[in-house]
Amino acid sequence: MRTFLDFEKPVADVFGKIEELRSAGDSSTVDTRDEIQKLKDKAEKALGEIYSKLTPWQKTEVARHPDRPHTSHYIARLLEDFTPLAGDRAFAEDAAIIAGVGRFDGKSVAVLGHERGVDTESRLKHNFGMARPEGYRKAKRIMQMAERFNMPVVTLIDTAGAYPGIGAEERGQAEAIARSTEQALMLTVPSVAVVIGEGGSGGALALAASNRVLMLEHAIYSVISPEGAASILWRDAARAQDAAANMKITAQDLLKLGVIDEVIEEPTGGAHRDRAAAIDSVGEAIARSLRELAGDDRSALKAMRAQRFLNIGRTLEV
């Protein structure tokens, strides 16, 4: 069952006609294959036109699409011999962040990523990708392990933000995020982060302080959600579209601002329409970045990473 966004209505109508023809073809002797193919071509063209001029708010909707590939999908397709690692060795396991080691592009890597879940049961299990302090402490532990065994670190970012519950605050949410960010910055092994969906606030940055920060074409990355910004600026969350338009949250804007290093192209109509192709594109971009970083010595990687973040905002035109 396809899920269409509001701005995809023209495409939804065409797919509706395709389903009608398929049903008619099953119950008649008329060959409808040519007509169905024409409608498919029409839908593909319409998708290309729509997705070539998405607004920031529409990109936000695409980044949050329920069928978009999540961290678990990337791990399953890109990694061999993946071994999940759990727990922060202090309080508990946090399923909002998946962590472990595996083989990628023929080499051992440590992988960390937010997991939103794919259905009601798994979304509740993973807390919609919103990590608690133990999740960020687990991330810190895995990064320290990667440092010890000289393994590159790959992180996949897809969260609305860290979990804001009372229990999380009582257990030191802000401190845990800060420590995870600090550990990411202090690594002397290559690190690559990819924003695969929604990158929200410190909950995203805690895993994204890497040598290279990449973003999928229709992902978003921001200090606060458009709804949150609208609530603060205008005391009206309904003005989220206005906030999104002014926040520079898209991959294209962030590349110009120097916040990210590369935009990874998505299949026509978004990553959710061809998960395999989207994941393979991300895999190629990660492999390329890791190969480019492999020649740098460990102290240079750490210094390069620090300078990368210090440079953000220094060359903006007023």
Side-chain angles (χ1 to χ4, degrees), residues 3-11 47-66 68 114 116 128-131 155-164 173-174 177-178 181 193-210 212-266 268-272 308-318:
T3 301
F4 291 96
L5 300 170
D6 290 342
F7 62 84
E8 296 177 323
K9 189 178 184 306
V11 179
L47 274 175
E49 291 175 353
I50 291 170
Y51 274 76
S52 67
K53 50 187 179 184
L54 293 181
T55 67
W57 176 250
Q58 288 170 338
K59 283 183 177 287
T60 301
E61 293 182 293
V62 176
R64 295 170 175 173
H65 198 287
R68 197 171 177 85
H114 303 96
R116 288 175 176 260
F128 300 87
M130 296 186 293
T155 59
L156 302 171
I157 315 304
D158 189 15
T159 182
Y163 183 62
Q173 182 72 290
I177 291 172
T181 307
V194 187
V195 183
I196 59 174
E198 183 176 12
S201 193
L205 184 61
L207 301 189
S210 303
R212 298 284 173 82
V213 181
L214 320 178
M215 270 184 81
L216 277 171
E217 182 182 1
H218 303 307
I220 61 169
Y221 190 24
S222 61
V223 70
I224 191 172
S225 70
E227 294 90 341
S231 295
I232 293 171
L233 293 174
W234 299 293
R235 299 184 184 277
D236 183 3
R239 294 190 63 180
Q241 294 189 38
D242 296 330
N246 290 282
M247 289 171 63
K248 306 296 183 186
I249 62 177
T250 69
Q252 295 74 21
D253 284 331
L254 294 170
L255 181 65
K256 292 177 183 177
L257 294 171
V259 175
I260 65 168
D261 302 294
E262 181 182 339
V263 177
I264 304 170
E265 187 175 343
E266 296 188 26
T268 302
H272 56 281
R308 183 203 177 283
F309 283 90
L310 289 171
N311 284 341
I312 293 176
R314 286 184 173 176
T315 59
L316 298 181
E317 296 182 5
V318 180

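Only heavy atoms go into these numbers, but all of them, side chains included; no hydrogens, no water, no symmetry mates. Residue indices begin at 1 and follow the sequence shown.
Distance alone, capped at 3.5 Å, is enough to place a donor-acceptor pair between the Ser225 side chain and the Gly228 backbone. Without hydrogens or angle criteria, Asp261 side chain to Leu214 main chain gives no donor-acceptor distance under 3.5 Å. Side-chain atoms of Ser201 come within 3.5 Å of backbone N or O of Val223 as a donor-acceptor pair. Side-chain atoms of Gln173 come within 3.5 Å of backbone N or O of Tyr163 as a donor-acceptor pair. Of the possible polar contacts, one joining the His65 side chain to the Thr3 backbone as a donor-acceptor pair under 3.5 Å is found. Side chain of Thr250 to main chain of Pro56: no donor-acceptor pair is present (N/O by atom type, distance under 3.5 Å, no hydrogens or angles). In this structure a side-chain-to-backbone donor-acceptor pair under 3.5 Å is present from His114 to Gly203. In this structure, Thr155 contributes its side chain and Leu207 its backbone to a donor-acceptor pair below 3.5 Å. A donor-acceptor pair is defined here as one N or O able to donate and one able to accept, closer than 3.5 Å; no such pair exists between the side chain of Lys59 and the backbone of Ala244.
Within the 4.5 Å cutoff, the side chain of Leu255 has no heavy atoms near those of the Glu262 side chain. Using a 4.5 Å cut-off on side-chain heavy atoms (C-beta onward), Leu54 and Phe7 make contact. Side-chain contact check for Val194 versus Met215: every heavy-atom pair is 4.5 Å or farther apart. Under the 4.5 Å side-chain criterion, counting only non-hydrogen atoms from C-beta, Leu5 is not in contact with Gln58. Contact annotation: the side chain of Ile264 never approaches that of Glu217 to less than 4.5 Å [non-hydrogen atoms, C-beta and beyond]. In this structure, Arg64 and Thr60 have side chains that are in contact, with non-hydrogen atoms separated by less than 4.5 Å. Inter-residue side-chain proximity for Val259 and Val213 is flagged as unmet; no heavy-atom pair is nearer than 4.5 Å.
The minimum heavy-atom distance between Ile249 and Ser222, with the atom names listed, is CG2-CB, 3.4 Å. Between Asp158 and Gly197, the shortest heavy-atom contact is OD1-CA, 3.5 Å. Of all the heavy atoms in Ala243 and Pro226, the pair that sits closest is CB-O, 3.5 Å. The two atoms that bring Ala229 and Met247 nearest to each other are CB-SD, 3.7 Å, heavy atoms only. Across all their heavy atoms, Ala204 and Ile157 have their closest contact at CB-CG2, 3.4 Å. When all heavy atoms of Phe309 and Ser210 are compared, the closest pair comes out as CE1-O, 3.4 Å.
Evaluation of the salt bridge (charged side-chain N to carboxylate O under 4.0 Å, His left out) rule for Glu266 yields Arg68 as partners, not counting sequence neighbours. For Glu61, there are no salt bridge (charged side-chain N to carboxylate O under 4.0 Å, His left out) partners at least two apart in sequence or on another chain. The side-chain contact (heavy atoms from CB on, under 4.5 Å) test applied to Thr181 returns Ile177, Leu185, Leu205, Ala206, Ala209, not counting sequence neighbours. Residues satisfying the side-chain contact (heavy atoms from CB on, under 4.5 Å) criterion with Asn246, sequence neighbours excluded, are absent altogether. Partners of Phe4 by ring-ring contact (aromatic ring centres under 6.0 Å, His included), not counting sequence neighbours, listed by chain and number: Phe15.
The OG1 atom of Thr159 lies 11.0 Å from the CD1 atom of Ile196; values are rounded to the nearest 0.5 Å. The CD1 atom of Ile260 sits 9.5 Å away from the CG atom of Asp253 when rounded to the nearest 0.5 Å.
Listed by first and then second residue, the side chain to side chain donor-acceptor pair (under 3.5 Å) pairs that reach into residues 228-243 are Arg239-Asp242, sequence neighbours excluded.
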task = Output, in order, the C-alpha distance, side-chain angles, deciding distance and verdict of side chain to side chain contact (heavy atoms under 4.5 Å, CB included) for Arg116 and Glu198.
result = CA-CA 10 Å; Arg116 288 175 176 260; Glu198 183 176 12; 2.8 Å; yes
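Between His218 and Tyr51, the angle of the ring planes goes over 60°, which puts this pair in the perpendicular group of the 30/60° scheme.
Other residues, nucleotides and ligands contribute over 12 non-hydrogen atoms within 6.0 Å of the CG atom of Asn311.
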